[in-house]
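Reviewing the structure listed below.
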Amino acid sequence: MLKKVSFSRHVEKDWLDQTALWSSENLDKKELTEKINSMLSPWITCKVNLGKTRNQLTSIWVDVPENVPAYFQEFANENVQGSSDIPLAIHWGLLIAKKKLFADVARFIGRTTKLNSSFTYAQVQKRMVELYGDTETVKRHLRSVLKTLVEFGVVIRGTSRSYQVSDRKLMVNVGLKNWLLYALLISEDVMSRSLTNIIDDAIWFPFDFNVQSNEVEQSWFELHQQGNELVIFRK
């Protein structure tokens with residue numbers, strides 16, 4: 001069964017930052033819509049595209065799907081309240097938890113560039129078509145994901161539809177580490193994975209990401225030793 005794609009428009013970090021701050025203020029839907037429309041209107045003149053981009057932003061920072069616990073979203077809101085420097089990692093966590101296509105593209109890029117820092121559009125399209133089907137919708141949404149990664153500065157567009165990943169690794173705030181572990185379990189729709197397996201996941205390719213066993217938050221997870229592996233179970 002093919003997966004559903006949901007990434008119709010690219011998003012920029014500044015837009016996500018501002019949407020995050022408004023989300024943390026618990027604005028009503030009408031006020032939030034007006035504010036986002038006002039923010040986007042200098043950049044997007046087409047009303048349809050403006051609406052799609054606004055919906056993309058609110059689907060990341062406001063909407064809470066059934067598979068996402070309310071406290072996961074509340075943690076994100078609490079960690080951006082009044083912030084003047086919102087880390088990319090917190091947007092990344094919501095994106096991988098709520099946008100499966102984004103997660104799959106990020107993981108593919110991370111795996112492909114472990115030995116070679118470059119990849120081509122054809123390579124990533126081939127993989128996403130295998131996962132989601134050979135449709136124009138899949139290809140269009142894929143382009144939106146790639147443009148988003150370029151806007152984030154973690155992927156650099158080259159020539160002839162080729163890309164490179166940035167050499168600079170972003171640090172992850174200690175307070176976000178366990179939340180990001182949880183985001184990945186949500187993304188994969190699983191209750192547990194080995195800690196080593198999660199840390200080594202290629203999805204973290206833009207980040208310097210590591211979690212020691214003594215850093216695992218036991219209010220979020222249960223820890224079990226299974227053979228040589230330490231496995232975390234989400235609560």
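Separation of the Tyr182 and Phe221 ring centroids falls under the 6.0 Å cut-off. Aromatic pair His10/Trp15: centroids less than 6.0 angstrom apart. Taking the six-membered ring for Trp, Trp92 and Phe209 have ring centres at least 6.0 Å apart.
Scanning all heavy atoms of the two residues, the minimum distance from Tyr132 to Lys4 falls at CE2-O, 3.7 Å.
Panel note: side chain Asn178, backbone Glu215; a donor-acceptor pair is recorded below 3.5 Å. Under a 3.5 Å cut-off, the side chain of Asn79 and the backbone N or O of Phe75 do form a donor-acceptor pair. For Ser59 (side chain) and Asn55 (main-chain N/O), a donor-acceptor pair under 3.5 Å exists by modelled atom type. Of the possible polar contacts, one joining the Lys13 side chain to the Ile86 backbone as a donor-acceptor pair under 3.5 Å is found.
More than 12 heavy atoms of other residues, nucleotides or ligands shown are found within 6.0 angstrom of CZ on Arg143. Within 6.0 Å of the NZ atom in Lys147, the count of heavy atoms belonging to other residues, nucleotides or ligands does not exceed 12.
The cationic atom of Arg127 (NZ for Lys, CZ for Arg) does not lie both less than 6.0 Å from the six-membered ring centre of Phe108 and within 45° of the ring axis.
Cluster membership check: Leu185 shares its hydrophobic cluster with Leu223, using side-chain heavy-atom separations under 4.5 Å among Ile, Leu, Val, Met, Phe, Trp and Tyr.
Distance CZ/Arg111 to OG1/Thr113: 11.5 Å, rounded to 0.5 Å.
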Side-chain donor-acceptor pairs of residues 162-170 under 3.5 Å, sequence neighbours excluded:
unit_1: Ser162; atom_1: OG; unit_2: Thr159; atom_2: O; d: 2.6
unit_1: Ser166; atom_1: OG; unit_2: Arg168; atom_2: N; d: 3.2
unit_1: Lys169; atom_1: NZ; unit_2: Phe205; atom_2: O; d: 2.3

side-chain contact (heavy atoms from CB on, under 4.5 Å) evaluation trace for Lys47 with Leu50 = CA-CA 5 Å; Lys47 187 175 180 180; Leu50 188 149; 5.6 Å; no

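By the salt bridge (charged side-chain N to carboxylate O under 4.0 Å, His left out) test, Glu229 pairs with no residue at all, sequence neighbours left out.
Partner of Arg9 under the side-chain contact (heavy atoms from CB on, under 4.5 Å) criterion, chosen from Arg54, His141, Lys52, Arg140: Lys52.
Alongside Phe233, the hydrophobic cluster contains Val231 (criterion: ILVMFWY side chains under 4.5 Å).
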